[in-house]
Amino acid sequence: MLAIIRQTVSNGASRNRPAFYASRSYSAAVKEMTVREALNSALDEEMSADPKVFLIGEEVGEYQGAYKISKGLLEKYGLERVRDTPITEAGFAGIGVGAAYYGLRPVVEFMTFNFSMQAIDHIINSAAKSNYMSAGQLSVPIVFRGPNGAAAGVGAQHSQCYASWYGSCPGLKVLVPYSSEDARGLLKAAIRDPDPVVFLENELLYGESFPVSEEALDSEFCLPIGKAKIEREGKDVTIIAFSKMVGYALKAADMLAKEAISVEVINLRSIRPLDRATINASVRKTNRLVTVEEGFPQNGVGAEICASVVEESFGFLDAPVERIAAADVPMPYAANLERMAVPQVEDMVRAAKRTCYRSV
Amino acid sequence: MSTAFSAAKFTSPPFPLRSHDKPLFDPLKIPNATSPFLGSTRKIRRSSSTKLNLHRRSGTVVAVSDVVKEKKSKSTSSLLITKEEGLELYEDMVLGRAFEDMCAQMYYRGKMFGFVHLYNGQEAVSTGFIKLLKQQDSVVSTYRDHVHALSKGVPARAVMSELFGKTTGCCRGQGGSMHMFSSEHNLLGGFAFIGEGIPVATGAAFTSKYKREVLKEADCDHVTLAFFGDGTCNNGQFFECLNMAALWKLPIVFVVENNLWAIGMSHLRATSDPQIYKKGPAFGMPGIHVDGMDVLKVREVAKEAIARARRGEGPTLVECETYRFRGHSLADPDELRDPAEKAHYAARDPITALKKYLIENSLASEAELKAIDKKIDEVVEDAVEFADESPLPSRSQLLENVFADPKGFGIGPDGRYRCEDPKFTEGTAHV
């Protein structure tokens, strides 16, 4: 379904759709959905399918969700299943874990993942490690979700990306959706999964609209956990990204195509388990790799991908791996500094050219 | 918000600190609450060393339910327990004590390693509370959890093997001393971080209420007990959970095992107001203080607290004044505690006290109790032998049980992604 790339015939009315987005083929009648709607519909369907699923977090009920992700759910499912909590991350994350021990399926929302640091004891020590410590007696079918990474001008304490922190912990599954289809499929899979899942969304993607296929709209739609997606096929260099950076990578691929560099863009979708098979297969095909992430560079996701490629496909590399990450500073507030602190499309274009030994 | 009381009630201290004859301020203002248990204070401790009062607290406030007093005067027998109950309590406490003593021996012989925290001296709290629970009720503990596990019904063999790190342990050797879990006995751990167990316990209580109200399992009245120490009562998670448990009226009892010491930090040096039970009413639940060296008193308070939770009236905070005879852990030289303080509490050993009670009230004879002692010794010896002879975990066990979903990719036994199997999405409603 996705093999052909065609320019979209854009109707001017849709302000939400980013201008670059061109990598899907679809018939004229395909529906578009924002990531927000996708998450909302996924939650709605899972809550109606299984009465054990409940949503707990700050502002998820009467406020309709801090970012309106849980809009309408309170009216539909009632106070017991859509729980507004006091500002007690550690407390309600732990409550979620305790409930999950007994087979309920909590979806714990953090207003942003920065606040999850107040609850990280429960995410790691009681959720991730419990199945192991109890030798399989207590599994924790919980989902921790919320926006992750930089937004726009929110400052250092609201902009950190936690993919690499959570991705290093055994016992957790860490998912990073990009498009609406990713958001729907991965959230449904996460809720049904019997293990703790950290679901890292992105605030700036919530309003972005993507076309969704009929299959994705089906209430049985789930995506596999631990499998990356090749968003765009290419021959010359692989760019691996996740979450918002996938959009930037696709843009960079368009720009590079004009210079006759064919870029393969991989949307990781899952940080843990990391789809090393797809990553390595792609590198073996193109022989060049650029990794992109929004988090800090040291000990980041790009470092892990690089290590994996060096371990498994070293002989196939024609150039050193380029790693693009945020600047190694807490996020500044000034708009121009913030732009410099986060990867931009131009950075990816230059990096890809460097791997191709082209002058930048 | 769904709170039922106004903020005005809490501007002044809820009640003065001396004894009264009638029940006082009821912080919950529950219209249909008939039990005088809520928030009442009575002075019932008979005599305590004045010297020690200087160490502990300025007032001698003890709060035990009025229900106890009424019961004692109304019932025909003046005893708090029957013979069977008495023997059960005695056996449980002796098991706890003998087991912990054996742990110390085994540790110094190198069979046990890492962090081991012993419960000697606090048995009355564990026995007094846990023996009142049903199998489906849950217990959440801290790293000092061996005796909670034993009281809840985990076999001594399984606990000892777990401590030795053998594959026959209750967690197959993967948890260790601080992480005892048993889903069969609803022992939810076993947490090393203090305060970590409290939200988990609150979640278990939440599940009980959820099952009753949302999943419509009408007879689900399971209660959860959260055990933790005095040091934990200064931790943020404790207050967060007191708030939420009272807000949502969860069936949980918060049991503080106040043994005055957090490793080497005295409770009085660490806490602005050392009277922990007062923190209950600040959040809208009863706060009770009880002598934790007396299993019968603990049992009476526990009965009422657990019954309250079962009735759906919400949480209770119970502070048990107790003491640990040994150091914080087996690695603790225990130099900071005053020997006079230790001697004072050693004289109030809960096991000797219960023994005395049973014999004086002719509930049991010396010989019967000695027989129990002997039986427990044998049980503990057997546990050690069993643990000794059990095998270490095999190498393949290292990577097992990280995920409930075996390969962690959502891959089913047939090698395909589970989500592609039509059965995976069975029961999906159409919205």
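Naming convention: chains lettered A, B, ... in sequence-line order (proteins, then strands); numbering from 1 in each chain.
- The shortest side-chain heavy-atom distance between A:Phe92 and B:Glu240 does not fall under the 4.5 Å cut-off.
- Proximity to chain A (any heavy atom under 4.5 Å) is shown, for B:Ala201, by neither the backbone nor the side chain.
- Only the backbone of A:Glu89 has a heavy atom closer than 4.5 Å to any heavy atom of chain B.
- When each of A:Ser270, A:Ala99, A:Pro141, A:Pro196 is scored by its heavy-atom pairs under 4.5 Å with chain B, the top score falls to A:Ala99.
- Annotation: A:Gln157, atom CD; neighbour count of heavy atoms from other residues, nucleotides and ligands within 6.0 Å does not exceed 12.
- Side-chain atoms of A:Tyr102 and B:Ser138 include a donor-acceptor pair closer than 3.5 Å.
- A 6.0 Å sphere centred on NZ of A:Lys71 holds no more than 12 heavy atoms belonging to other residues, nucleotides or ligands.
- Of the listed residues (A:Ile87, A:Ile56, A:Leu172), the one with the most heavy-atom contacts under 4.5 Å to chain B is A:Leu172.
- Distance OH/B:Tyr210 to CZ/A:Arg81: 4.0 Å, rounded to 0.5 Å.
- Residue B:Glu162 does not touch chain A at all, counting heavy-atom pairs closer than 4.5 Å.
- Interface remark: B:Ser182 contributes backbone and side-chain atoms alike to the contact with chain A (heavy atom separation under 4.5 Å).
- For the options A:Ala100, A:Pro106, A:Ala90, heavy-atom pairs under 4.5 Å to chain B are most numerous at A:Ala90.
- Looking at A:Lys129, there are no atoms closer than 4.5 Å to chain B (heavy atoms on both sides), in backbone or side chain.
- Between the CZ atom in A:Arg83 and the CE atom in B:Met244 there is a gap of 10.5 Å [rounded to 0.5 Å].
- Of the listed residues (B:Cys170, B:Gly169, B:Ser183), the greatest number of heavy-atom pairs within a distance under 4.5 Å of chain A belongs to B:Ser183.
- Here the closest non-hydrogen pair linking B:Asn243 and A:Pro86 is ND2-CG, 3.5 Å.
- Of all residues spanning residues 131-139 of chain A, those with a heavy atom less than 4.5 Å away from chain B's heavy atoms are A:Asn131, A:Tyr132, A:Met133, A:Ser134, A:Ala135, A:Gly136, A:Gln137, A:Leu138, A:Ser139, arranged by number.
- Of the atoms belonging to B:Leu215, it is side-chain heavy atoms, and not backbone ones, that fall under 4.5 Å from chain A.
- Residue B:Glu213 touches chain A through its side chain alone, counting heavy-atom pairs closer than 4.5 Å.
- Looking at B:Val214, only its side chain comes within 4.5 Å of chain A, counting heavy atoms on both sides.
- Residue B:Lys211 touches chain A through its side chain alone, counting heavy-atom pairs closer than 4.5 Å.
- Most heavy-atom pairs under 4.5 Å with chain B: of the set A:Pro170, A:Pro51, A:Gly103, A:Ala128, this distinction falls to A:Pro51.
- Residues of residues 109-116 of chain A lying within less than 4.5 angstrom of chain B, judged on heavy atoms, are absent.
- Note: B:Trp248 CH2 to A:Ile95 CD1 = 5.0 Å, rounded to the nearest 0.5 Å.
- With chain B as partner, the option from A:Val97, A:Asn125, A:Asp121, A:Leu104 having the largest number of non-hydrogen pairs under 4.5 angstrom is A:Asp121.
- Heavy atoms from other residues, nucleotides or ligands lying under 6.0 Å from CG of B:Leu392 number more than 12.
- Contacts of B:Asn186 with chain A are made by both backbone and side-chain atoms, with heavy-atom separations under 4.5 Å.
- Contact annotation: the side chain of B:Gln237 approaches that of A:His122 to within less than 4.5 Å [non-hydrogen atoms, C-beta and beyond].
- Closest of all the heavy-atom pairs between B:Pro199 and A:Gly91 is CB-O, 3.5 Å.
- Using a 4.5 Å cut-off between heavy atoms, B:Leu242 does not touch chain A at all.
- Contact detail for A:Ser126 and B:Phe191: the closest heavy-atom pair is CB-CE2, 3.7 Å.
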